[in-house]
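Data first, discussion second: the structure below is written as structure tokens.
Proteins come first, then strands; the chains are lettered A, B, ... in the order of their sequence lines, and each starts at number 1.
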There are 2 protein chains.
Amino acid sequence: MVTIYDIAKRANVSPMTVSRYINQSGYMSEETKRKVEKAIDELGYVPNLNARSLISKKTKILSLLITDITNPFFTKVARGAEDKAKQLGYQILLSNTDENMSKESDYIETVLATRVDGVLLAPAGDESVKNLKRLRKHHIPFVLIDREIQGIDCDLILGDSYEGARKLTEHLLQQGHRKIAMLNGPAHISTARERKRGYEETLKLADIRIDQRWISEINFKKDDAHAAIEQFLSLDRKDRPTAIFAANNFIAVSAIHALRNHGVKVPDEMTIVCFDDIDPYTNTSPYLTAASASQPAYDYGYMGIQFLIERIEGKAPASYRRIELSPEMHFATTESILK
Amino acid sequence: MVTIYDIAKRANVSPMTVSRYINQSGYMSEETKRKVEKAIDELGYVPNLNARSLISKKTKILSLLITDITNPFFTKVARGAEDKAKQLGYQILLSNTDENMSKESDYIETVLATRVDGVLLAPAGDESVKNLKRLRKHHIPFVLIDREIQGIDCDLILGDSYEGARKLTEHLLQQGHRKIAMLNGPAHISTARERKRGYEETLKLADIRIDQRWISEINFKKDDAHAAIEQFLSLDRKDRPTAIFAANNFIAVSAIHALRNHGVKVPDEMTIVCFDDIDPYTNTSPYLTAASASQPAYDYGYMGIQFLIERIEGKAPASYRRIELSPEMHFATTESILK
DNA sequence: TATTATTCTGTTATCGATAACATATTTTAA
DNA sequence: TTAAAATATGTTATCGATAACAGAATAATA
């Protein structure tokens, strides 16, 4: 590999002069500039960011710690994150925790060893607090997305889960549903708790008894709804829910598949509403869900990285920011259903 | 930050001894081990991979250079890549080129400066040859996925585009279609050429005249099919295609949206077949495409990283491997259509 | 017992870059 | 004309780790 020393020798200057040329710092005569430039061209020099990082203590690398890149929500987050990072001269390391605390802890160790400048993360659950404290202890800035962690004060980009859940549930009520099930994520994740709160309060306000057999807690993961769906279907006809509120996209899709496997037609025989988009047909026929609360996932990533870099570069306000993005409601029209 | 020097001082040994403890290398007395271990625990040492990389010339970081992580095909590639990388102790840097050569070149420079150990990439097009040569010149191992580049001999993981295209086209013929359009990707991408070859040869074998007005070349990008669809729809009823072969998932989805915007019902009034899955409903009603050639995207990433690391670690065979994965055909059944 | 091999630890140099300081030359201002 | 400021370049130390070499102490062998 060609180093500044090789360039220095070839150009008959000191390595420091080469360094100055590369960084456009300090004074330099036109002639020296030309000499150095020529040597760099001839030898094909490429700076070693590694060596630079060692002394500057900045890697210009960020870590994106999400639960699963194949979840379209996080795919868009990642895209937003990468776009903003590139724009500001940073690179992104990708990690999937699979909602798994020990995997998350693993990655946190790697994050520390790699000396990334900051972390954008969607915590696996409330227990993540220990990982966040570890980052804090090592002064690694981080921004949380999608999920809040009690006892950690930090920049935060969330969706309004409560409000979205209320609207989805209200929509089902308006459609005449009274037996509404909820397929929720795990209670150790803040969004799951908020969505449940929205669901329950809406039903309570409508004076509707909540049957605990209608509430199921599974993972926010691919293909996890089958057992819960069977549970619902095993109920007596009179107790069986006529609609399901799925707490995220994966749950909704899994539920739809499970229902169809059991010969239950969606939406004819079971209405589904959910958080997140179901791409690529959101709000397009053939519709799938009667309503969805679409989150601006790209912005989560884009803003998250922006906040993170501001924090890293000391340009952020002293107090932490908490952004709550409103989900955009999509309601299937009769027309889209019929078509 | 705590360094091995801090540990050394605290444990009353030399830094080299600490390094030996960390790397489990050389001889070491039990007592020294205990002392070092204790100091590490007390001070909370985290190794600096950066410093290690500087001397070892290995970063344990790989670059994943794809066109767009939001394309579900590449999302799965990324997931497969990350899984394998983690398993083998590597990290993944994510980059999106957007099928854009200058962005790709940009990233290649960053790759070189970052001293990543290798690159898994889906080249933006034939012109990528210059970027690949640049990697070669700097002895950075790379593996290509999805797209082949003439004149570059390297490990390669492809889908059988020709065969998939033949089967898709044959399916349309069997369904009775005679006016079959192709919405292809750019000719400077190998998969586009191969898919076109499959399409054309199938039609030729069936003695069907190929109307050049039915062949449109657009980008393998989101939402790029609208103009081409209008072109098709502007043809006289007798010349208008009754089916469209979309060369990838993005093109198919965009085409379906465009058709619906023009009031053309899919699939009732226009049949679509395409390469890649249309998640999350592939082969599930409500169907969208009459047939699709689904590629094992996860494996592209997983195997790609495996090959790459073998190459990096000198465990790969001397001659380059060329893997051609067969797409899995999905045909919508009458039943799924009727539902 | 003398000699060689094994075990254990330390010292010095190095990876590639930059910060901090030093020196020399030229320019500007007093 | 001379001191001070601006320009131009070089030297040394350092970031945090490890490779290579060296020197003890102990154990094994002849």
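When rounded to the nearest whole Å, the span between CD1 of B:I4 and P of C:dT12 equals 16 Å. As rounded to whole Å, 5 Å separates atom C1' of D:dC15 from atom CD1 of A:I55. Look at OH on A:Y45: it is 11 Å from C1' on C:dT18, rounded to the nearest Å. To the nearest angstrom, C1' of D:dA17 lies 15 Å from NZ of B:K58. Going from atom NZ of B:K57 over to atom P of D:dA17 covers 18 Å, rounded to whole Å. When rounded to the nearest whole Å, the span between NZ of B:K35 and C1' of C:dT9 equals 10 Å. Rounded to whole Å, atom C1' of D:dA8 lies 16 Å from atom CD of A:Q24. Nucleotide C:dT7 holds its P atom 19 Å from the CD atom of B:E31, rounded to whole Å.
Within a 6.0 Å sphere centred on NZ of B:K86, heavy atoms belonging to other residues, nucleotides or ligands number more than 12.
Not one side-chain nitrogen or oxygen of B:T17 sits closer than 4.0 Å to the OP1 or OP2 atom of C:dT9. A:N23 has a side-chain polar atom (N or O) that falls below the 4.0 Å cut-off from OP1 or OP2 of C:dT18. Proximity of A:T32 to the phosphate of D:dT9: a side-chain N or O atom is located under 4.0 Å from OP1 or OP2. The phosphate of C:dC8 (OP1 or OP2) has no side-chain N or O of B:Y21 nearer than 4.0 angstrom. The phosphate of C:dC8 (OP1 or OP2) has no side-chain N or O of B:K33 nearer than 4.0 angstrom. An OP1 or OP2 oxygen of C:dT9 is reached within less than 4.0 angstrom by a side-chain nitrogen or oxygen of B:S29.
Among D:dC15, C:dT7, C:dC15, the nucleotide with an atom closest to any side-chain atom of B:Y27 is C:dT7. Looking at the side chain of B:L54, the nearest of the listed nucleotides C:dG10, D:dC15, C:dG16 is C:dG16.
A:M16 comes within 4.0 angstrom of a base, heavy atoms only. A:S14 comes within contact range of at least one nucleobase, with a heavy-atom separation under 4.0 Å. Counting any heavy atom pair closer than 4.0 Å across all strands shown, A:V18 reaches no nucleic acid atom.
Residues A:E148 and A:S190 come closest through the heavy atom pair N-OG, 2.8 Å. Residues A:Y45 and A:I7 come closest through the heavy atom pair CB-CD1, 3.7 Å.
Considering NZ of A:K84 and CD of A:Q306, their distance stands at 4.0 Å, rounded to 0.5 Å.
For D:dG10, the base has a donor-acceptor partner in the side chain of A:R20 [N/O atoms by modelled type, under 3.5 angstrom].
The residue among A:E30 and A:Y5 whose nearest nucleotide of DNA chain D lies closer to the 5′ end is A:E30. Both B:R115 and B:N12 sit near DNA chain C, but only B:N12 has its closest nucleotide nearer the 5' end.
A salt bridge links B:D83 with B:R79; the closest basic N to acidic carboxylate O contact falls under 4.0 Å.
When the options A:N100, A:T97, A:N131 are evaluated for a side-chain hydrogen bond (donor to acceptor under 3.5 Å, both in side chains) with A:S105, the one that passes is A:N131.
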